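Comments concern the structure below.
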Amino acid sequence: MAKSGKNWSEEELKAAVDAYLEMLQLESSGRPYSKAEINKRLRDNVLSNRSKGSIEYRMQNISATLHELCLPWIQGYKPASNVGSRIKDQIKEMLSRKGAVDKQIYLPTAEYEELDNKVQALRSGLKVALLNGEPRGITTPEKVTSSTTSHKRDPLVKAWVLETANGFCEACGSSAPFATSGGIPFLEVHHMNLLADGGPDTIANTVAICPNCHRRLHHARDKEEFKNHHDRAGLNEA
Ligand SMILES: [Zn+2]
Ligand SMILES: [Zn+2]
């Protein structure tokens, strides 16, 4: 069977993205499906010029795009990211048109309340995504000046750090002192190298800690010593 070696058309790519999202939905709701059957269905229709393998590879490209955005992807399609940027942009565009990618929620913000709303939305809706990869964060958080100076922070970094702490202070190991009205264990996120001192807003520079340890890191006489014991590098070694 002669298969086309030509670039994928918009229509072909869209058929692959639609089928991928269909499978992702089935998978995330725990319903069974057959990748082989769906692949066959695609070849019987829009993708009649493509081989089974090339469709599989496209699915892996879609996984790579979702993985890059820290969104859930189908575990059976290992991300294959060596794909042209034109195709990747097309895939992103299609995913966002289908509502699978909400860019707005990932935009950094200096507004505390807005940051927190985004963090909450990320934590409640994208639990799986948070564990699919470590957010890259912002190396030099943009400075925003109003009456007070603050920094635009990455909601995904704050959400990831709180989520992975899993309700336990990363400094003293105690469980969060109380739950919020939403039932979430209350922890605070601290930048080991302060943003005000030019520290990055990344997971490597942040810890989720109880209010007690947080105040201690800021105000205690032994704060330098305490800090050296509890930065993330130290925690990972322990
Ligand atoms: Zn603590
Ligand atoms: Zn702090």
Side-chain angles (χ1 to χ4, degrees), residues 69-71 102-238:
L69 292 163
C70 268
L71 290 169
D102 178 7
K103 279 250 177 69
Q104 198 60 34
I105 203 167
Y106 297 101
L107 294 182
T109 173
E111 297 294 323
Y112 189 84
E113 214 170 305
E114 192 187 335
L115 177 69
D116 245 40
N117 288 339
K118 289 181 171 191
V119 168
Q120 222 174 328
L122 285 166
R123 293 186 76 191
S124 61
L126 294 169
K127 263 195 179 142
V128 202
L130 292 173
L131 302 172
N132 266 341
E134 297 180 341
R136 247 161 305 172
I138 309 165
T139 315
T140 315
E142 185 188 337
K143 201 177 280 184
V144 176
T145 311
S146 55
S147 49
T148 58
T149 301
S150 45
H151 295 83
K152 287 193 179 180
R153 290 173 52 191
D154 186 346
L156 198 52
V157 166
K158 189 173 179 184
W160 189 91
V161 169
L162 286 168
E163 199 61 34
T164 50
N166 197 25
F168 292 93
C169 172
E170 292 186 274
C172 69
S174 311
S175 51
F178 56 87
T180 64
S181 52
I184 295 167
F186 184 84
L187 289 174
E188 297 176 342
V189 170
H190 171 72
H191 290 80
M192 299 302 277
N193 185 2
L194 302 178
L195 292 178
D197 294 339
D201 184 33
T202 58
I203 59 164
N205 190 42
T206 44
V207 280
I209 49 181
C210 71
N212 218 30
C213 288
H214 196 183
R215 294 299 99 187
R216 187 171 172 186
L217 276 166
H218 279 274
H219 305 296
R221 190 169 45 182
D222 66 346
K223 65 178 177 186
E224 280 310 313
E225 198 189 328
F226 192 62
K227 176 184 162 181
N228 292 336
H229 274 95
H230 296 296
D231 63 17
R232 191 171 289 288
L235 291 166
N236 290 340
E237 269 163 32

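The basis for the numbers below is simple: all heavy atoms, side chains too, and nothing from hydrogens, waters or symmetry mates. Computed from a prediction, not measured in an experiment: that's the story for all the values here. Read the numbers this way: they start at 1 and go in the same order the structure lists the ligands and their atoms.
Taking backbone and side chain together, H190 holds an N, O or S atom under 2.8 Å from the Zn ion (ligand 2). With a cut-off of 2.8 Å, the Zn ion (ligand 1) has no N, O or S atom of H214 in range.
Between C213 and C169 the shortest side-chain heavy-atom distance falls below 4.5 Å.
In this structure, CD on E111 lies 9.5 Å from NZ on K152, to the nearest 0.5 angstrom.
For C172 atom SG and C213 atom SG, the angle they make at the Zn ion (ligand 1) is roughly 110°, to 10 degrees. Around the Zn ion (ligand 1), the two atoms SG of C210 and SG of C169 are separated by an angle of 110°, to 10 degrees.
Screening D116, T206, D201 against K158 for a side chain to side chain donor-acceptor pair (under 3.5 Å) leaves a single residue, D116.
Between F186 and F178, the ring planes lie parallel to each other; the angle is under 30°, not in the 30° to 60° tilted range.
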